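Worksheet for the structure shown next.
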There are 2 protein chains.
Amino acid sequence: MNYSTSEENYIKSIYHLRGDHQLVTTNELAAELKTRPASVTDMLKKLKAKKLLIYERYQGFKLSPEGKKVALGIIRRHRLWEYFLSVKLQFSWDEVHEVAEELEHVTSKKLIDKLDEYLGFPQYDPHGDPIPDQQGKIHAVKQVVLSEWPLMELAEVSGVTDQRSDMLDILKHQNISIGTKLEVKKRFSFDNSVEIKTKNSPAFIISEQVAKNIWVKKPGT
Amino acid sequence: MNYSTSEENYIKSIYHLRGDHQLVTTNELAAELKTRPASVTDMLKKLKAKKLLIYERYQGFKLSPEGKKVALGIIRRHRLWEYFLSVKLQFSWDEVHEVAEELEHVTSKKLIDKLDEYLGFPQYDPHGDPIPDQQGKIHAVKQVVLSEWPLMELAEVSGVTDQRSDMLDILKHQNISIGTKLEVKKRFSFDNSVEIKTKNSPAFIISEQVAKNIWVKKPGT
DNA sequence: AAAAATATTTAGGTAAATCTAAAAAAAATA
DNA sequence: TATTTTTTTTAGATTTACCTAAATATTTTT
Ligand SMILES: [Mn+2]
Ligand SMILES: [Mn+2]
Ligand SMILES: [Mn+2]
Ligand SMILES: [Mn+2]
């Protein structure tokens, strides 16, 4: 019922590599964890003995249902702390992960559920990744800022970070709102502005600042 | 510059036993840490090698100046987290310590200084123990709730937890304010009410609820 | 289907933090 | 002061999480 920091890091990495569907390989996990394949094999045996892993030697491995539950618990803690650091302590987007990597291993259930409540049950961490609930269920779907969405792939607008009126002004002017489907036609490296095309209007350009404030996701998800 | 959880727990316990003044004994520290004397001796050698400890075998030991600095850093983290748990997450008085025991080992300086700022630079943890500042300096002095102050020992009122007007009403009525010196004459086990005596007034009784809301300290400190 | 290349596991070791049992030093007592 | 008791240290194991080097299994290439 209680796992070491090291065990938790292995479980989390396995989940991040393949969820609980396909098989993961020893070398792959060793690379992910910056450790050696022999060390991975050692840990695989231990996690299998604890029934967190489905594993036969030389055959690859994946999380058991129990292992997946544990993984989602760790991810819940990680992402709640990232949200806390970002929203309450004003950490920037790229500083939160490292600290959350440590905080996630403090396992008090009460701590995490109270933190969740205190934060207002946030749906997404600062990188747009969904936060699992108490039961480990993920309701939302990963979202990405428009400035990082790949070219020529249909996206659906799912949120806006900065909701001050001058930001919403721009969106209104360009007829963008939650649910709008669009494609990024071109990204200009000079100023990182992007050319956007929606269904019923000619293509237009928005600045990087604006593109960074718009969350998008795969349509329909 | 970076110490393991185990090393940190040893350092903190040494500080709690004797500050950095008198010598601590091996058995004493083993009892405090619920470990064996042999394990303590092993760790003493390691901490001495790291110059955190002044120690000659069979002679007892105490923290070096560097060791004291490290101890105060850990205590700062511990007490700030206790304050956070109590004030922000609504943990009760007696639940905070156990969780803080884990959180204290997350050592990001930025995390702790931002947390301190976010909390409004609190002076005391939920048990009345003073919180060291960024430099490890302790400005305040330990305070205790009046309901736990020993009988017949002079106390000075240093604060009030619940500051709603009906509470302040009582204090005004009994002529108690910050700085008032008083003694607890008797504690009635039936309802934990306490008989109080101040300088220029006859003794009077206050309820446990009120006594729990009044912080006191050694006069003059 | 061999041979070669690659991936994985096993064998054997190390460092940290713990333990028990035995030895040695210090303190208390007779 | 000699003996006994208590405290502390040393010696030698154990567990966890790593490692390197060698062995073995699997996959790819010829
Ligand atoms: Mn992260
Ligand atoms: Mn981690
Ligand atoms: Mn505490
Ligand atoms: Mn601790």
Side-chain angles (χ1 to χ4, degrees), chain A residues 1-18 22-63 67 70-71 74 101-102 104-107, chain B residues 1-18 22-63 67 70-71 74 101-102 104-107:
Chain A
M1 266 284 150
N2 230 44
Y3 305 103
S4 73
T5 293
S6 202
E7 290 169 331
E8 288 191 344
N9 284 336
Y10 275 85
I11 293 164
K12 187 159 62 99
S13 288
I14 295 167
Y15 184 86
H16 279 141
L17 284 169
R18 289 283 194 303
Q22 289 152 279
L23 296 176
V24 179
T25 68
T26 302
N27 273 354
E28 209 178 358
L29 184 54
E32 175 79 11
L33 287 165
K34 293 170 205 306
T35 181
R36 296 315 194 124
S39 308
V40 171
T41 301
D42 284 350
M43 185 60 88
L44 295 180
K45 289 176 187 167
K46 205 186 322 172
L47 295 178
K48 184 190 177 179
K50 295 189 178 186
K51 302 192 188 300
L52 299 173
L53 218 59
I54 293 163
Y55 164 55
E56 292 307 327
R57 69 197 224 289
Y58 291 107
Q59 303 310 148
F61 49 89
K62 64 177 188 175
L63 293 175
V70 173
I74 304 162
E101 203 56 47
E102 294 198 54
E104 71 186 2
H105 301 290
V106 176
T107 56
Chain B
M1 267 287 146
N2 229 45
Y3 306 103
S4 72
T5 292
S6 203
E7 289 169 331
E8 288 191 343
N9 284 336
Y10 275 86
I11 293 165
K12 187 158 64 96
S13 287
I14 296 168
Y15 184 86
H16 279 142
L17 285 170
R18 291 279 195 305
Q22 291 153 278
L23 296 175
V24 180
T25 68
T26 302
N27 274 352
E28 209 177 0
L29 184 54
E32 174 80 12
L33 287 165
K34 293 169 205 305
T35 181
R36 296 314 194 125
S39 308
V40 170
T41 301
D42 284 349
M43 184 60 89
L44 295 178
K45 290 177 187 165
K46 206 186 323 173
L47 295 178
K48 184 189 178 179
K50 294 190 178 184
K51 300 191 191 302
L52 299 174
L53 218 57
I54 293 164
Y55 164 57
E56 290 308 326
R57 71 198 222 291
Y58 292 106
Q59 302 310 148
F61 48 89
K62 62 176 190 178
L63 292 174
V70 173
I74 303 163
E101 204 55 46
E102 294 197 54
E104 71 186 2
H105 302 291
V106 176
T107 55

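The figures here come from the full heavy-atom set of this structure, side chains too, leaving out hydrogens, waters and symmetry mates. Model, not experiment: these values are computed from the prediction. Naming convention: chains lettered A, B, ... in sequence-line order (proteins, then strands); numbering from 1 in each chain.
Looking at A/Leu52 and A/Ile14, their side chains never come closer than 4.5 Å, going by heavy atoms from C-beta outward.
At least one side-chain nitrogen or oxygen of A/Ser6 sits closer than 4.0 Å to the OP1 or OP2 atom of D/dC18. Between B/Asn27 and the phosphate of D/dT8, there is a side-chain N or O to OP1/OP2 separation shorter than 4.0 Å. Taking side-chain N and O atoms only, B/Lys45 has a distance below 4.0 Å to OP1 or OP2 of D/dT10. In this structure, B/Thr35 reaches the C/dC19 phosphate: one of its side-chain N or O atoms is under 4.0 Å from OP1 or OP2. The phosphate of C/dA16 has neither OP1 nor OP2 within less than 4.0 Å of any side-chain N or O from B/Ser4.
Regarding B/Leu29, its CG atom lies at a distance of 14 Å from the C1' atom of D/dT7, rounded to whole Å. With rounding to whole Å, B/Leu23 atom CG is found 16 Å from D/dT7 atom P. Taking atom CG of residue A/Leu44 and atom P of nucleotide D/dA25, one finds them 18 Å apart after rounding to whole Å. We find that CD of A/Glu7 is positioned 15 Å from P of D/dT15, with the value rounded to whole Å.
When both distances must be under 3.5 Å, the Watson-Crick or G-U wobble mate of D/dA2 is C/dT29. Searching all strands for a Watson-Crick or G-U wobble partner of C/dT14 with both distances below 3.5 Å returns D/dA17.
Annotation: proximity of residues 36-43 of chain B to DNA chain D (heavy atom, distance under 4.0 Å) is found for B/Pro37, B/Ala38, B/Thr41, numbered in ascending order. Residues of residues 8-18 of chain B that place a heavy atom closer than 4.0 Å to DNA chain D do not occur.
Partners of B/Glu8 according to the salt bridge (charged side-chain N to carboxylate O under 4.0 Å, His left out) rule, which considers only residues two or more places apart in sequence or in another chain, are B/Arg77.
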Which donor-acceptor pairs under 3.5 Å do side chains of residues 28-38 of chain B form with protein atoms, sequence neighbours excluded?
from	atom 1	to	atom 2	distance (Å)
B/Glu28	OE1	B/Arg18	NH2	3.4
B/Glu28	OE1	B/Thr25	N	3.0
B/Glu28	OE1	B/Thr25	OG1	3.1
B/Glu28	OE2	B/Arg18	NH1	2.7
B/Glu28	OE2	B/Arg18	NH2	2.9

Only pairs under 3.5 Å count here: list side-chain donor-acceptor contacts from residues 54-62 of chain B, not counting sequence neighbours, and write none if there are none.
from	atom 1	to	atom 2	distance (Å)
B/Glu56	OE2	B/Lys48	NZ	3.2

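Partner of A/Tyr10 under the side-chain contact (heavy atoms from CB on, under 4.5 Å) criterion, chosen from A/Val40, A/Thr5, A/Leu53: A/Val40.
Atom CG of B/Leu63 sits about 9.0 Å away from atom CG of B/Leu47, to the nearest 0.5 Å.
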Start with the C-alpha distance between A/Glu101 and A/Asn9, add both sets of side-chain angles, then the distance that settles side chain to side chain contact (heavy atoms under 4.5 Å, CB included), and finish with yes or no.
CA-CA 9 Å; A/Glu101 203 56 47; A/Asn9 284 336; 3.6 Å; yes
Which atoms of nucleotides 23-26 of chain C (N or O only) lie under 3.5 Å from a protein N or O atom, and what are those distances?
from	atom 1	to	atom 2	distance (Å)
C/dA25	O4'	B/Tyr58	OH	3.4

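When all heavy atoms of B/Glu7 and B/Tyr3 are compared, the pair lying nearest together is OE1-CA, 3.3 Å.
When heavy atoms are screened at a 4.0 angstrom cut-off, A/Tyr55 is found touching the sugar-phosphate backbone but no base atom.
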